[in-house]
Amino acid sequence: MERTHTNGALRLKDVNQTVVLVGWVAKRRNLGGLVFIDLRDRTGITQIICDESTSDSIKDVRNEYILQVYGIVRERKDKNLKLPTGAIEVQATKVTVINKAETTPIIIADETDALEDTRLKYRYLDLRRPVMQQKLFERAHITKVIRHFLEDNGFIEVETPILTVSTPEGARDFLVPSRVHPGSFYALPQSPQLFKQLLMVSGFERYFQFARCFRDEDLRADRQTDFTQVDIETSFLSEAEIQELMEDMMCLVMKEVKGLDIARPFLKLPYFEAMNRYGSDKPDIRFGLELQDITDIFKESAFSVFNSIDPKKGTIKALVLPNMAESSRKDIDQYTAMAKKYGAKGLVTIKYQDSILEGSAIKFFNETEKDQLINRLGLHKNDLILIIAGDWEKSCEALGALRNYFGKELKLYDPEIFSFLWVVDFPLLEYSFEDQRYYAKHHPFTRPKEEDIPLLDTDPSMVKAAAYDMVLNGFELGGGSLRIYDQSLQAKMFGILGFTPEDIKRRFGWFIDAFQYGTPPHGGLAFGLDRIAMILTHSESLRDVIAFPKTASASCPLTNAPTPVDQKQLDELSIILKDHN
RNA sequence: GGUCCAGUGGUGUAGUGGUUUAACAUGCCUCCCUGUCACGGAGGAGAUCGCGAGUUCGAUCCUCGUCUGGACCGCCA
């Protein structure tokens with residue numbers, strides 16, 4: 001189709017050129033003998049001006065019609081500074097309607113007022129909106145920069161299967177019934193973890209893939225059932241070398257996509273410090289408001305909430321909120337409810353309104369405790385102190401959730417800032433009292449820190465993993481680890497996790513077998529591409545950077561997926577449905 | 001599995017401590033208008049108030065259930 005320019009291209013320098021434009025009618029302003037049309041394509045909007053002589057049918061043109069416009073570029077009398085093309089307009093000499101359009105159910109403009117449900121039902125129209133187009137263009141730009149970076153650094157792109165085998169320990173799998181093998185199922189990959197490790201066994205040394213991953217778990221604003229991982233694995237690199245390479249990559253993305261120079265190297269925060277100071281393993285360090293430990297002050301406390309905690313695993317954590325001492329009863333009830341939601345037993349609140357400690361817990365404190373509290377927390381007039389006592393992890397996380405809430409509520413950070421860091425030194429294992437066994441915190445192939453390997457025999461819970469998460473503004477962008485390549489170490493790991501040899505053979509024998517033929521030291525990580533795109537585009541939800549996302553209940557308003565299928569299809573798959581009525 | 005919030009013309013909202021023409025904005029249609037750009041002006045069409053049951057003389061409104069959407073907890077190695 002004849003077209004000389006896009007609708008975002010023309011400028012003052014093009015005046016008097018003869019041009020041919022195509023695009024959608026974004027807006028028509030009919031002044032009677034004179035008609036203005038905003039012609040839109042993915043690059044922008046150009047104003048077309050027509051008079052009655054141009055075409056009789058011009059008054060029949062409606063929004064979202066597709067037009068081909070022949071005309072001459074003119075300088076505008078009244079320029080529109082809001083548009084890049086606002087200095088010019090195209091005086092139409094001929095206008096052809098390429099296609100008509102029904103009235104759209106949603107307004108095609110950045111400021112659509114349609115609810116998300118409606119937007120998803122008519123996603124193809126929602127994606128016509130310039131803001132949405134910009135988000136997807138930006139996502140594609142991120143993808144492009146990452147791919148170029150990895151290719152330039154010797155990484156090879158390899159595809160791994162979508163129909164694969166159910167993997168051990170992790171999220172719920174999506175299963176696909178086999179027609180050929182009745183009663184057997186493929187699983188969709190939660191990540192290509194095992195395949196990428198096998199590619200290291202094969203000797204590719206540097207692998208990457210934009211991998212679709214699937215997890216059958218409940219959705220959130222930042223979680224979808226199917227999502228895209230930038231999956232990366234390397235051989236012969238140390239933890240520090242992998243991290244440096246990934247910093248190079250993300251800094252290039254920030255430079256190319258956002259035009260920002262990010263400070264190097266990224267802060268490396270050990271897991272325990274992240275939890276103690278920020279109450280999160282993915283801390284938002286754009287603002288301070290750090291948690292403080294006051295456990296030792298109240299060792300001998302007369303206050304039952306403080307003296308009933310387990311001295312080994314328990315903790316007392318405080319969060320000081322400046323100028324919040326005048327919070328109402330209602331506000332404080334709300335903070336308490338929030339703390340409880342995140343697993344705290346309760347919330348102790350103390351006001352330092354007129355430089356005097358006030359609160360229902362104060363009567364249990366002696367003078368030494370009061371003095372120590374004031375000094376330790378460095379209290380100022382009008383501070384509000386929130387205290388959570390109990391299990392270390394739960395207390396930190398609950399207070400960390402409050403910290404995040406106040407960081408946002410009190411606008412303690414500039415939303416344009418991007419604060420990267422690594423969280424490192426994660427514990428290798430997590431003990432479940434319920435199941436009376438250890439679970440791998442990352443996955444069972446994660447390598448322990450070299451110096452902690454002897455602890456595997458004596459105190460497994462103290463062993464740290466060679467695992468690392470890249471964190472940005474309170475979101476986990478990605479995470480990874482060095483992997484176990486030594487077979488005896490792997491055997492020891494399985495022993496600690498309580499797997500019998502039969503378990504191992506049945507569940508991932510095919511994977512372990514590969515390791516006996518010369519496995520290089522290897523490690524890698526995976527980034528959540530959707531999350532990167534979400535944060536860089538300042539989107540509220542992952543759904544805004546995914547072309548066709550699913551709703552919170554894992555359905556698609558556009559296609560109505562998932563849907564029932566014909567009995568014939570079920571029969572072929574040897575599936576008999578349980579009666580849900 | 002759980003908690004909370006929402007469902008009213010095409011779209012987004014208001015509203016009713018229970019009764020009559022259900023309001024506003026925008027979109028849509030018709031007419032007028034040669035410098036608009038969120039154009040303006042005049043007129044018009046468009047809603048069984050998510051669905052089902054209950055209470056009542058009477059329910060968009062109250063009660064219960066249900067469905068859909070959203071946020072979060074659990075879950076997500």
Side-chain angles (χ1 to χ4, degrees), chain A residues 26-39 45-53 59-60 62-64 74 76-83 85-86 89 91 102-122 125-126 167-173 190-191 193-194 213-225 227 334 337-344 394 397-398 401 404-405 426-430 432 438-446 465 467 476 479-481 497 526 528 540-541 543 550-557 560:
Chain A
K27 196 76 196 178
R28 180 186 47 117
R29 289 179 293 278
N30 188 345
L31 275 63
L34 196 62
V35 179
F36 294 101
I37 287 170
D38 287 344
L39 199 65
I45 282 175
T46 298
Q47 175 166 285
I48 310 296
I49 180 167
C50 315
D51 52 41
E52 282 162 325
S53 63
K59 54 183 178 298
D60 296 326
R62 295 290 181 266
N63 283 350
E64 301 309 317
R74 302 288 188 212
R76 286 207 209 178
K77 283 178 197 142
D78 300 308
K79 299 187 173 50
N80 184 347
L81 300 175
K82 284 183 256 174
L83 284 179
T85 60
E89 63 193 350
Q91 174 85 50
E102 292 297 323
T103 302
T104 55
I106 65 172
I107 300 165
I108 313 292
D110 287 355
E111 306 80 20
T112 188
D113 51 7
L115 254 43
E116 199 172 358
D117 191 23
T118 312
R119 288 173 46 206
L120 289 181
K121 185 169 180 190
Y122 302 99
L125 297 178
D126 190 39
T167 48
E169 304 209 44
R172 203 175 285 121
D173 284 318
Q190 294 177 30
S191 91
Q193 181 63 33
L194 304 186
C213 302
F214 307 85
R215 292 179 189 178
D216 189 5
E217 298 293 346
D218 286 353
L219 296 84
R220 287 285 194 284
D222 65 344
R223 249 162 52 190
Q224 283 274 307
T225 46
F227 57 98
Q334 190 207 330
M338 215 182 296
K340 284 182 175 167
K341 194 171 88 174
Y342 287 93
K394 276 201 179 119
E397 280 181 350
N404 279 338
Y405 169 80
F426 284 89
L428 182 70
L429 301 158
E430 223 170 9
S432 163
Y438 285 103
Y439 280 93
K441 196 161 170 92
H442 193 52
H443 58 61
F445 315 109
T446 303
E476 181 192 328
S481 65
L497 293 171
E540 288 291 312
S541 155
R543 294 185 292 271
K550 290 179 185 60
T551 66
S553 62
S555 52
C556 171
N560 290 322

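Below, chains carry the letters A, B, ... as their sequence lines are ordered, and counting in each starts from 1. Any value given below was found using the heavy atoms of this structure, including those in side chains, with hydrogens, waters and symmetry copies removed.
I49(A) comes within 4.0 angstrom of a base, heavy atoms only. Within the nucleic acid shown, T446(A) has no heavy atom closer than 4.0 Å to any nucleic acid atom. Among the protein residues, A109(A) comes within range of no part of the nucleic acid, since none of its heavy atoms lies under 4.0 Å from any strand. Within the nucleic acid shown, R74(A) has no heavy atom closer than 4.0 Å to any nucleic acid atom. Contacts of N80(A) with the nucleic acid, taken as non-hydrogen atoms under 4.0 Å apart, include base atoms. Here E397(A) lies out of heavy-atom contact (under 4.0 Å) with every strand.
Annotation: A77(B) and C64(B) have their C1' atoms spaced 43 Å apart (nearest Å). Between the C1' atoms of A25(B) and G46(B), the separation comes to 15 Å (whole Å). Separating the P atom of C49(B) from that of G7(B) is a span of 14 Å, rounded to the nearest Å. Comparing U21(B) with U60(B), their P atoms are spaced 14 Å from each other, to the whole Å. If you take atom P in C62(B) and the same atom in G15(B), they sit 13 Å apart, rounded to whole Å. Across C33(B) and G10(B), the matching C1' atoms stand 28 Å from one another, rounded to whole Å. As rounded to the nearest Å, U55(B) and A45(B) have C1' atoms that lie 38 Å from one another. U13(B) and G74(B) have their P atoms separated by 29 Å, given to the nearest Å.
OP1 and OP2 of C76(B) both lie 4.0 Å or more from every side-chain N or O belonging to T225(A). Contact check, S553(A) against G69(B): a side-chain N or O comes under 4.0 Å of OP1 or OP2. In terms of phosphate contacts, R29(A) brings no side-chain nitrogen or oxygen within less than 4.0 Å of OP1 or OP2 of U34(B). In terms of phosphate contacts, K341(A) brings no side-chain nitrogen or oxygen within less than 4.0 Å of OP1 or OP2 of G2(B). Distances shown here put every side-chain N or O of S555(A) at or beyond 4.0 Å from the OP1 or OP2 atom of U68(B).
The nucleotide U56(B) finds no pairing partner, because no Watson-Crick or G-U wobble arrangement with both distances shorter than 3.5 Å includes it. Here U68(B) sits opposite A6(B) as a Watson-Crick or G-U wobble pair (both hydrogen-bonding atom distances under 3.5 Å). When both pairing distances are held under 3.5 Å, A77(B) makes no Watson-Crick or G-U pair with any nucleotide shown. If you check A47(B) for Watson-Crick or wobble pairing at under 3.5 angstrom, you find it has no partner at all. The base-pairing partner of U11(B), taking Watson-Crick or G-U wobble contacts with both distances under 3.5 Å, is A25(B). Of the nucleotides present, none pairs with U36(B) by Watson-Crick or G-U wobble criteria with both distances under 3.5 Å.
The side-chain hydrogen bond (donor to acceptor under 3.5 Å, both in side chains) test applied to Q91(A) returns no partner, not counting sequence neighbours. For K550(A), the salt bridge (charged side-chain N to carboxylate O under 4.0 Å, His left out) test picks out D226(A), with sequence neighbours left out. Shown here are the side-chain hydrogen bond (donor to acceptor under 3.5 Å, both in side chains) partners of E116(A), two or more places apart in sequence or in another chain: R543(A). For R119(A), the salt bridge (charged side-chain N to carboxylate O under 4.0 Å, His left out) criterion is met by D126(A), D544(A), not counting sequence neighbours. Annotation: salt bridge (charged side-chain N to carboxylate O under 4.0 Å, His left out) contacts of K79(A) (sequence neighbours excluded): E75(A).
Computed from coordinates, the L34(A) CG to U36(B) P distance equals 10 Å when rounded to whole Å. A straight line from CG of L219(A) to C1' of G70(B) spans 12 Å, rounded to a whole angstrom. At whole-Å resolution of the value, NZ in K441(A) and P in A77(B) are 11 Å apart. In this structure, CG of L429(A) is placed 16 Å from P of A77(B), rounded to the nearest angstrom. Whole-Å rounding puts the Q334(A) CD to C4(B) P distance at 15 Å.
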Steps toward side chain to side chain contact (heavy atoms under 4.5 Å, CB included) verdict (F445(A), L194(A)): CA-CA 9 Å; F445(A) 315 109; L194(A) 304 186; 3.4 Å; yes
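A salt bridge links D38(A) with R29(A): the closest approach of a Lys/Arg side-chain nitrogen to an acidic carboxylate oxygen falls below 4.0 angstrom. Salt-bridge check for E89(A) with R74(A): failed, with every basic side-chain N at 4.0 Å or more from each acidic carboxylate O.
Taking the nucleotide of RNA chain B with the nearest heavy atom to each of E217(A) and K550(A), the more 5' of the two is matched to K550(A). Each of H442(A) and S541(A) has a nearest nucleotide on RNA chain B; the 5'-most of these lies closest to S541(A).
Listed candidates were A77(B), U34(B), U36(B). Nearest to the side chain of R215(A) is A77(B).
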So which protein nitrogen or oxygen atoms get under 3.5 Å of nucleotides 25-28 of chain B's nitrogens or oxygens?
from: G27(B); atom 1: OP1; to: K27(A); atom 2: NZ; distance (Å): 3.4
from: C28(B); atom 1: OP1; to: N63(A); atom 2: ND2; distance (Å): 3.3

